[in-house]
Amino acid sequence: MDARWKPNVTVAAVVERDGRFLFVEEQKRAGLLINQPAGHLEPGESIVDAVRREVLEETAYRFEPRHLVGIYLAPGPDDIAYLRFTFTGALGEFDASRALDEGIVGTLWLTPDEVRAQRARHRSPILERCMDDYLRGVRYDLAILQSHPVTTGGQGNT
């Protein structure tokens, strides 16, 4: 294993309303895929701030994380691995004037059965697992996430 290998840190939101879950449809090389609102952690950003930003950018909804559903390691292409922090919380105000991220075609509200029926369109191999963990009531307090101010230069402690 390459000593320089590092997983890509991502965030995602499982949002349920009236038995339906919020998903985005995203145009990728493999076709029109579905995923929870999700994306990459940016430099200097907290994990909680990242999920707020990603939900807003991909759905035009404000989102306030309330609980961590889980931390998942998922394989990606070309020896890439994704370390995904998945949250649940409260969906807030919708901004109809906001443009969605490039590649996002729109949003969908799907039942768990509709999600399962579309496995061939899942962008992430853990999409269904995150939803199922939420349905089983898996929740962790956000206090489990510790942040340390990001500094420039030098080696950080882990």
State yes or no: do L56 and V48 share one hydrophobic cluster built from I, L, V, M, F, W and Y residues joined by side-chain heavy-atom distances below 4.5 Å, directly or via other members? no
In this structure, would V9 and I80 fall into the same cluster of hydrophobic residues linked by side-chain contacts under 4.5 Å? no
Shared ILVMFWY cluster between F94 and V105, side chains joined below 4.5 angstrom? no
Starting at CZ of F23, measure out to CG of N35 and round the result to the nearest 0.5 Å. 8.0 Å
In terms of relative ring orientation, are F21 and Y134 parallel, tilted or perpendicular, with 30° and 60° separating the classes? perpendicular
Hydrophobic clustering (ILVMFWY, side-chain heavy atoms < 4.5 Å, transitive) - are V15 and L135 grouped together? no
Are the side chains of E54 and D101 in touch, meaning some heavy atoms are under 4.5 Å apart? yes
side-chain contact (heavy atoms from CB on, under 4.5 Å) between R98 and E57, worked out: CA-CA 8 Å; R98 185 175 183 88; E57 290 176 354; 3.8 Å; yes
Donor-acceptor pair, R66 side chain versus A90 backbone, under 3.5 Å? no
What are the two closest non-hydrogen atoms of S46 and L41, and how far apart are they? O-CD1, 3.6 Å
Minimum heavy-atom separation for L100 to T59, with atom names? CD2-C, 3.6 Å
Answer yes or no: is there a side-chain heavy-atom contact under 4.5 Å between F85 and L145? yes
Any non-hydrogen side-chain atom of I34 less than 4.5 Å from a side-chain atom of H122? yes
Using only atom types and a distance under 3.5 Å, with no angle test, would you say the side chain of E128 pairs donor to acceptor with the backbone of V115? no
Here the pair of heavy atoms bringing E58 nearest to P37 is OE1-CA, 3.4 Å
Nearest heavy atoms of G19 and P112, plus distance in Å: O-CD, 3.6 Å
Before you tell me yes or no, could you show the steps for D132 and R129 under salt bridge (charged side-chain N to carboxylate O under 4.0 Å, His left out), namely the whole-Å CA-CA distance, both residues' side-chain angles and the distance that decides it to 0.1 Å? CA-CA 5 Å; D132 288 342; R129 168 80 188 272; over 6 Å; no
In terms of hydrophobic clusters joined by side-chain contacts under 4.5 Å, are I126 and L68 together? no
Just wondering, do D133 and Y72 contact through their side chains at under 4.5 Å, heavy atoms? yes
Nearest 0.5 Å, please: how far is OG1 in T111 from CZ in R20? 5.5 Å
Side-chain donor/acceptor of T88 to backbone N/O of H67, under 3.5 Å: no
Can you find a pair of side-chain heavy atoms, one from L22 and one from W109, that are under 4.5 Å apart? yes
Partner of L33 under side chain to side chain contact (heavy atoms under 4.5 Å, CB included), chosen from E25, Q27, R123: R123
Between T86 and R84, what is the shortest heavy-atom contact and its length? OG1-CD, 3.3 Å
Rounded to the nearest 0.5 Å, the CG atom of D95 sits from the CZ atom of R62 at a distance of 7.0 Å
Polar side-chain atom of Q36 near backbone of L127 as donor-acceptor pair, under 3.5 Å: yes
Any side-chain heavy atom of L110 within less than 4.5 Å of one from Q118? yes
Show the nearest heavy-atom pair for residues P65 and L142, with the distance to one decimal. O-CD1, 3.4 Å
